[in-house]
Amino acid sequence: MKVQNRYGKLASWVYHLDKPVGHSFGDLEYYQQRLTGCGGPILEPAVGNGRIIIPMLEMGLAIEGFDASQDMLEYCRQECMSRGLLTTLTCQTFEQFSYDRRFAAIIMPAGSFQLITETATAMSVLRKFWDHLQPGGRLILDIDPIESIVREANFARSWPVGGDSLLTLTCHRAEVDYVKQTTLSHLHYQHWRDGILQSAELDLFHLRWWGIDELAFALREAGFVDVVVSGGYQHGRQPCKSDQIISFEASRPSG
Ligand SMILES: C[S@@+](CC[C@H](N)C(=O)[O-])C[C@H]1O[C@@H](n2cnc3c(N)ncnc32)[C@H](O)[C@@H]1O
């Protein structure tokens, strides 16, 4: 299988520096509000470094997660441990995950659903989410507007790490496929010490963009009902052109 969206050692280090536990794009408050009173259990696929799950655990929610990257999971485990928080974190993929119990809610913030680039795979993941929900359980996820995914994305950033070390990231947009609705960016991570390269990683970063109606149709096709689409993390407010984020909430029928 072609390795993509690997979130390896340097990518995870950068993610954890740039988006530490509790860092919010407005999503943390939104998901907390949507899950208030949810008795659980809750699942966060692609849990990453624990940015979202840890504040959720701290507010008393029964939430657990999985992720394909051992490096990301390691940050999450360490952050849980340092706070004395207990949860179950497993290394699984969207494509193959499995649990022997059902969840009251499944959440996917940070546009992680867009990491699934094949439409057929995305549909089977939605059906798997449905299967893993209790009757009446909710799936809540968000996506970026198409414009922000397709827009040219060449940039360079750096993060000082300790006195003489630096992490750098350069992003080069390699491809846009308007038929498959995907972009490929080359994310080049480097770790420098005293001006000498210590390690480097190239992440072939693929994203798929979704039309708003397209994803609402896909959710219904997968068996979900009561699909609510919201803009700017304001639940129930129809998305508008200027929204930087679109959220979807949909339920497995209770009957
Ligand atoms: C944008 S991060 C989101 C992390 C966290 N949910 C958050 O909101 O900060 C995306 C995560 O998806 C994970 N990921 C990528 N491909 C995956 C796959 N096929 N299955 C499961 N997780 C995957 C990455 O390892 C990474 O931790």
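Whatever order the structure lists ligands and atoms in, that order sets their numbers, starting from 1.
- The six-membered or imidazole ring of Trp210 lies near that of Phe113, with a centre-to-centre distance under 6.0 Å.
- Judged as a salt bridge (Lys or Arg N to Asp or Glu O under 4.0 Å), and not counting sequence neighbours, the contacts of Asp18 are Arg157.
- The salt bridge (Lys or Arg N to Asp or Glu O under 4.0 Å) analysis of residues 171-196, with sequence neighbours excluded, yields the pairs Glu118-Lys180.
- Residues passing the salt bridge (Lys or Arg N to Asp or Glu O under 4.0 Å) test with Asp27, sequence neighbours excluded: Arg51.
- Remark: side-chain polar atoms of Ser24 are paired, donor with acceptor, to backbone N or O of Gly26 under 3.5 angstrom.
- Centroid-to-centroid, the aromatic rings of Phe94 and Phe129 stay 6.0 Å apart or farther.
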List below, pair by pair, the N or O atoms of ligand 1 and of the protein that are less than 3.5 Å apart, including the distance to 0.1 Å; reply 'none' if no pair qualifies.
from     : atom 1 : to    : atom 2 : distance (Å)
ligand 1 : 6 (N)  : Glu44 : OE2    : 2.8
ligand 1 : 6 (N)  : Ala46 : O      : 2.7
ligand 1 : 8 (O)  : Arg51 : NH2    : 2.9
ligand 1 : 9 (O)  : Tyr15 : OH     : 2.6
ligand 1 : 9 (O)  : Arg51 : NE     : 2.7
ligand 1 : 19 (N) : Glu95 : OE1    : 3.3
ligand 1 : 20 (N) : Phe94 : N      : 2.9
ligand 1 : 22 (N) : Ala68 : N      : 3.3
ligand 1 : 25 (O) : Asp67 : OD1    : 2.6
ligand 1 : 27 (O) : Asp67 : OD1    : 3.3
ligand 1 : 27 (O) : Asp67 : OD2    : 2.7

